[in-house]
Amino acid sequence: MWTLWQLIGFFSLIKMILQLDCQIPPLVNDCNPCYFSPLKSVHWGLLRTVLMMSLSSLFNMQGLWTALAGLVLGMIFVHIQFPYLLQDCKYGWTLFRIKLKRDGFRKRKPFYTVLECFLERVRRQPDKALIIFEGREYSYLYVDRQSNRVARALRTHADLREGDTVAFFMSNDPSYAWLWFGLCKLGCAASLLNYNIRSKSLLHCFSCCGARVLIASEELKAAVEEVLPTLLEQNISVFILSKDCNTPGIETLLDKMEQASDEPISPELRSKVTMVSPAVYVYTSGTTVINHDKLWAITLYLSTCGATSDDVIYSPLPLYHGAGFNLGLHGAIERGMTVILRRKFSASAFWDDCRIHNVTIIQYIGETMRYLCNTPEREIDKTHKVRMAIGNGLREDVWRSFQGRFGHIRIVEFYTASESNIGFMNYTGKMGAVGRENFYQKRLCPYALVQFDAEREEPLRDSNGLCIPTPEGETGLLVSEITSAAPFLGYCGSPEQTEKKQMRNVFQKGDVYLNSGDLLRFDKDNFIYFQDRVGDTFRWKGENVATTEVECVLVALNFIEDACVYGVKIPGTEGKIGMAAVTLKAGREFSCSEAFLHVSKYLPPYAQPQFIRIQSCLETTGTFKQVKSSLVREGFNPSSINDLLYFLMPRDKCYKPMTQIYYNSVIAGELRI
Ligand SMILES: *[C@@H]1O[C@H](CO)[C@@H](O)[C@H](O)[C@H]1NC(C)=O
Ligand SMILES: *[C@@H]1O[C@H](CO)[C@@H](O)[C@H](O)[C@H]1NC(C)=O
Ligand SMILES: *[C@@H]1O[C@H](CO)[C@@H](O)[C@H](O)[C@H]1NC(C)=O
């Protein structure tokens, strides 16, 4: 007998077959990435049919087998049609859980900051090692006690009060942890300075965040002394992490910490801290302030990747970076893990470290993975417990050789920037992709790719002044809507730069989007690929280089009139290396040795222009913006450029005239630069 359900099922089957018939061509080259696109309706028809038939059979005991068969068929169908559906849902669910968690943190009073989370961990697992560094273990409890000492010492000797900022100028060292939590306990923020910077750049970064105190590692004393007069003029308290120091104006911190009590600090001292209070300042393309709310977003990243308290994370990345400090250290604390910290990345020690400490998660940037692949092969290459690698900037070829050599390690590549309000994560097994479009994420914070004019380095606008979405599969500029759920905190001390980063009237009059400055591509299966970075920064050796900063340093040379700095690609390396096109002052000549001395004095190695090109004038647009695109295209090949060309030779401490031989060996990857 036919039941009502079977009838409905039968008719929807017929309907579907009819639909299928007329829809086969568009189905075959269905490129629409949207899950609920009209083109897919036929699939939903099929799915509905299978469900209906299964339901119908439930009402009829005979049909139990039919029901099972229907279910299996349905599952196979879903799997073929939407191979990533399960992973998409899982990731969507993870995002949802994290959102709930963050909403919960926001509602709690007093505000639940990473400090409260840390204190909870201290209560639950006081004796577990939080950091292992150069053979010594530092337990959760130890870090907590030390941070109490820090708080007392700084309150007494630097008169720190809630809302103040302290700058760290330190190499990787466990004291980052207790200094930071000490500051947290006083309701203060930390500013993480890159320890490679010197003199003017150091002062500039220091003053951006309005810090009142500077704390430096002992080995960076000389760099501090260089800027000390200026700091003292501004009444900055300068501390060094040692017990004695005979430079007037520099105070020692370790002895003061030793004298201070390690009893808990009263929460009263931080009672005004809210989720929007600044927590950490980092330097990327500008001074980026990370408030407690945003800090949670980064901290919870490890949890999104599925890390547990049994994991051990290896962090050879610098702690002054968001990735090392916020994601690695805080993420580990939130999960209750142990961090294996290293002063500096070392390719030869990497795997031995991992084996000794039973490391299960490693943090990387593209360059470090390449260095690991370039080490001599060893028999024990695959003997380790590493199960996951988290980072960004990994290229497909490196990934291939990495997994071939070191075994199957889950690679979680992500895309984001400290100042950005959006991030993507590679949660499926797709090679080369930095992530995948997720319907839930897109609802949570809308984003899009828009067409970009590479010559003028601006998004294209239509006749109404609105941006034009990029056709599918093509490269475009990533923009993400700035909303209360996905805010943009801006750069501190630089309203112009903040404004420049925001794009208005993107899809409608009055809307505001964040310009990521990155060119991305979404493929037809919703995978996201990083293509290039545009604008005023480029990355080299894992560091952001701000072109304007390098330009300022160059024009300070007495023979340089004007400079235009940009990055050029070198085969076999990640990122772009710095190159400068400069014009000389009338009647002056380019001095190779002076240029070297100046550049190496004022710029960290990764920001020093590797190539300098002398031009008679620099091309500008109608609005006097420099035209970099043609310079980038022309590159540094001496045979195709008629201008004088120099390259940096650190070994000889000077710039040298470019030769075809040098060019060829750079291109062939024979020279390590
Ligand atoms: C530094 O402190 C002195 C004395 O306390 C004060 O006179 C001076 O104005 C301060 N300078 C700055 C730049 O704040
Ligand atoms: C690493 O794991 C091995 C075996 O599971 C164990 O014997 C060893 O003690 C562990 N090492 C550390 C540092 O935990
Ligand atoms: C994306 O993740 C998969 C699975 O973990 C991995 O095999 C692949 O290499 C990742 N892609 C990148 C670019 O990291």
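Counting starts at 1 for both ligands and their atoms, following the listed order.
Annotation: side chain to side chain donor-acceptor pair (under 3.5 Å) contacts of S139 (sequence neighbours excluded): none.
A distance below 6.0 Å separates the ring centres of Y195 and Y320.
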All N/O donor-acceptor pairs, side-chain side in residues 117-124, below 3.5 Å, sequence neighbours left out:
from: E120; atom 1: OE1; to: Y112; atom 2: OH; distance (Å): 3.1
from: R121; atom 1: NE; to: I333; atom 2: O; distance (Å): 3.3
from: R121; atom 1: NE; to: E334; atom 2: O; distance (Å): 3.4
from: R121; atom 1: NH2; to: E334; atom 2: O; distance (Å): 3.0

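For the salt bridge (charged side-chain N to carboxylate O under 4.0 Å, His left out) condition, the pairs that include at least one residue of residues 176-191, sequence neighbours left out, are D144-K185.
With R270 as reference, L115 is the one residue of T113, L186, L115 to meet the side chain to side chain contact (heavy atoms under 4.5 Å, CB included) rule.
Contact check for F206 versus L214: side-chain heavy atoms found under the 4.5 Å cut-off.
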Contact table ligand 2 N or O to protein N or O, d under 3.5 Å:
from: ligand 2; atom 1: 2 (O); to: N358; atom 2: OD1; distance (Å): 3.3
from: ligand 2; atom 1: 2 (O); to: N358; atom 2: ND2; distance (Å): 2.3
from: ligand 2; atom 1: 2 (O); to: K385; atom 2: NZ; distance (Å): 3.4
from: ligand 2; atom 1: 11 (N); to: N358; atom 2: ND2; distance (Å): 2.8
from: ligand 2; atom 1: 14 (O); to: N358; atom 2: ND2; distance (Å): 3.3

